[in-house]
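None of the values given here were measured: they were computed from a predicted structure.
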Amino acid sequence: MPLFVIGVTVTSLRVFSRLERMMHGRSRALPIAVRWSMALCLGLAISSMMAGAQTLEISAAQVSGAGWTAQRLRATLTTSAQGDQLSLAAGVVQAGKRKLWQRARLRCKLDTAQGWACRQGFLAVEGSPWGALHGDGHVQLRQVGGSAQAMLALRAAQFGSARVQVQSTAAGQWRLTGAGSLPVAGLVHAFTLLPATWQTSGQARWQVRARGASWAKARQIVFALQGGQLQFSSPDGLQAAQGVALQLQGDGVYTGQWHGTARMRWTQGGILWSPWYWTAPAAPVRVQTRWQQTAKSWQLDQGSIRWPGLGQGGFALNWPTQGGVLRWRIRDMDVAMAPLYANWIKPLAPPGGPAAQLQAAGQVHFSVAGEGGLSALKWDLRNAAISSPGGQLAVTGVHSRGAWSRTGKTSDAMLRWQSAELYHIPVGPLRAELVLNPQGFQLQQPFTLALLGGELHFRHLAARWAGPRSGFSMRGDLRGVSMAQLTRIMHWPPFIGTASATIPELQYHAGDITTSGVLAAQVFGGEVRVGDLHIENFFGVLPLLRANIGIAGLRLKPLTDAFHFGYISGVLNGDVKNLTLLNWSPEAFQAQFHTVPVHGVSQKISYAAVQSLTRLGGGNGISGFFQGMFLRMFKTFAYAHLGMGVHLKGGVAELSGVATEDSGFVILQGQGLPRVDIVGYNRRVDWDELLARLKTAMHSGAQVGTGE
């Protein structure tokens, strides 16, 4: 028996070789599959003529065609009284550089009553992009008139189902139609759309129509893919999707290279791609583009996107397939600022930082391009607003336009707003002209903002968004700011008069503000100097301020008039060291204030102020009927020294004065007649209690008129 099988095989191959040479003269591109079919037909005829024939086998070590190679091909035909059995096997089959499978086997019943039909087939494939495949189906080949038709139907658990029909003419023209469904997990794995460790699920339905010439060359294709309940998740959970529904349609034409159009609709589901999360809007998101495949890249051009509730615009993309830098461009986008900031910009901000707390409104028209990173930006912002829920920042009527490039060229930009508030402090209109460079911007010329009845003059303003010291810096002057308005807004004790200041180099970086010099302000006839200023988390939930403050030449009369503390005249010096404010409330400091004699300035204090200082030191005021009656006869009292120290730590204030007396501390040291001294004995007091005493002292009664 084996010797007979070999003899039949050799005879068939000789006939096949002669037939191949004959057909080669008619069509140089005749597919090897057609030649094998003809050989099988011939073998079937031979085995029918030979009563003892039972098996016919044809094999080849390697067969190749236009862009594909197949190794270890073998076809075996077994005939018997029960029917004919066909078995096909192939080793490695490769298209271009991509291996379609490592090993494939097909076994079926052969019916030649009307053409060829391979029924009740069983297919096993190893090493495919889908993994190992096991399925069933059937193949039918027949000739109709001057054309041939082939139909393939296949079902596999990993692959889904497919039904493909091909019609060809003797000249090599062919048409293909196909449809089916497949699990998304297999599709993702086959085309390496996501990493192999990710979990995927869902089902996709597909349709395809194609036609071509010369038996193997495709010239046109139309395709459609529809996925439902698509899901994926990365091992760390930072990328995921749930319930996504997508529709993809497109076409392509080959004219030396492939090009065509594609359209996509996203209708359902949500996608998390940390830090972003998007959900499908009520109306579909639509994307369409023209595409082109070259030897070196995939190109998308003349693309457009419409995202209901967000905006619309165009895009282009160049994706190298053989190494290189991805180039992309988004052009002429018209977008609403509220969803753009909330869903696309805010997720990039550090959690809890100032940008993460902001809300935006308005419209923006922009174009942006990238090549290995952001390379160009052009914008036109119209009637925008920015605000924070806690009221730390509010800006309205914002307009801005400009262009920026990473290439090193400078360009102009403009920023203006109608009004603004910073920590509820109103700021007037702004119009600033800027010069942009690849690393940041700076002012073209100084500008001035109206502020609390005065003005804030910017001599320098610059920003840097690249490098380890990204942030902004400024220098300027504060002129004629109303202390009454400031103290009312900040809920401080009411001051009168105006304040002016010189602002040194002030720098902001990553939520922190620092100064490289001393901030000097003129108030109440003296000077307040703030050094070593450092504010952490300035726009955050719990800002932390540290500074050292020096006071020189402060006139007490306007100061005590502001606080309704009682009349005191004189000049005050002092300092506040290691000041720490958490959320703008004192946490710790060492403060010391004392009067200094100045020629031409009297040192006097009223009865009401004596009462206030007595309460501040822990007493209940001047006691005793006759003592009180006697002191009330005088409008003011002369004093030699006045001062007080406060050391705050852990919520407890330790008090001191200008001198010590027995176990107490002297707050006021009188002089002349009648002489009034104020001595405190309770050195340690709760900070909240001290604030309560100060509040009581400031509401101690009407000021005493002195005629000064």
Is a side-chain N or O of Asp332 found less than 3.5 angstrom from the main chain of Phe366, in a donor-acceptor match?
-> no

Is the side chain of Gln603 donor-acceptor paired with the backbone N or O of Tyr639 at a distance under 3.5 Å, no angle test?
-> yes

Do the two ring centres, one from Trp278 and one from Trp273, sit under 6.0 Å apart?
-> no

Atom pairs and distances, donor-acceptor, side-chain atoms in residues 384-399, under 3.5 Å, two or more places apart:
| from | atom 1 | to | atom 2 | distance (Å) |
| --- | --- | --- | --- | --- |
| Ser388 | OG | Gln392 | N | 3.1 |
| Ser388 | OG | Gln392 | OE1 | 3.2 |
| Ser388 | OG | Leu393 | N | 3.0 |
| Ser388 | OG | Leu393 | O | 3.4 |
| Thr396 | OG1 | Ser419 | OG | 2.7 |

Check salt bridge (charged side-chain N to carboxylate O under 4.0 Å, His left out) between Asp412 and all other residues, then give those that pass, not counting sequence neighbours.
-> none

Do side-chain atoms of Asn383 reach the backbone of Gly362 as a donor and acceptor pair under 3.5 angstrom?
-> no

Test: Arg683 and Glu654 ion pair at under 4.0 Å = no

Compare every heavy atom of Ala349 with every heavy atom of Ala356, then report the nearest pair and how far apart it is.
-> N-CB, 3.8 Å

Between Leu461 and Met474, which heavy-atom pair has the shortest distance, and what is it?
-> CD1-CB, 4.0 Å

Is the ring centre of Tyr423 less than 6.0 Å from the ring centre of Phe538?
-> yes

Consider only side-chain N and O atoms of Thr448 and His457, and report whether a donor and an acceptor are under 3.5 Å apart.
-> yes

Heavy-atom neighbours of Arg331 CZ exceed 12 at 6.0 Å | yes

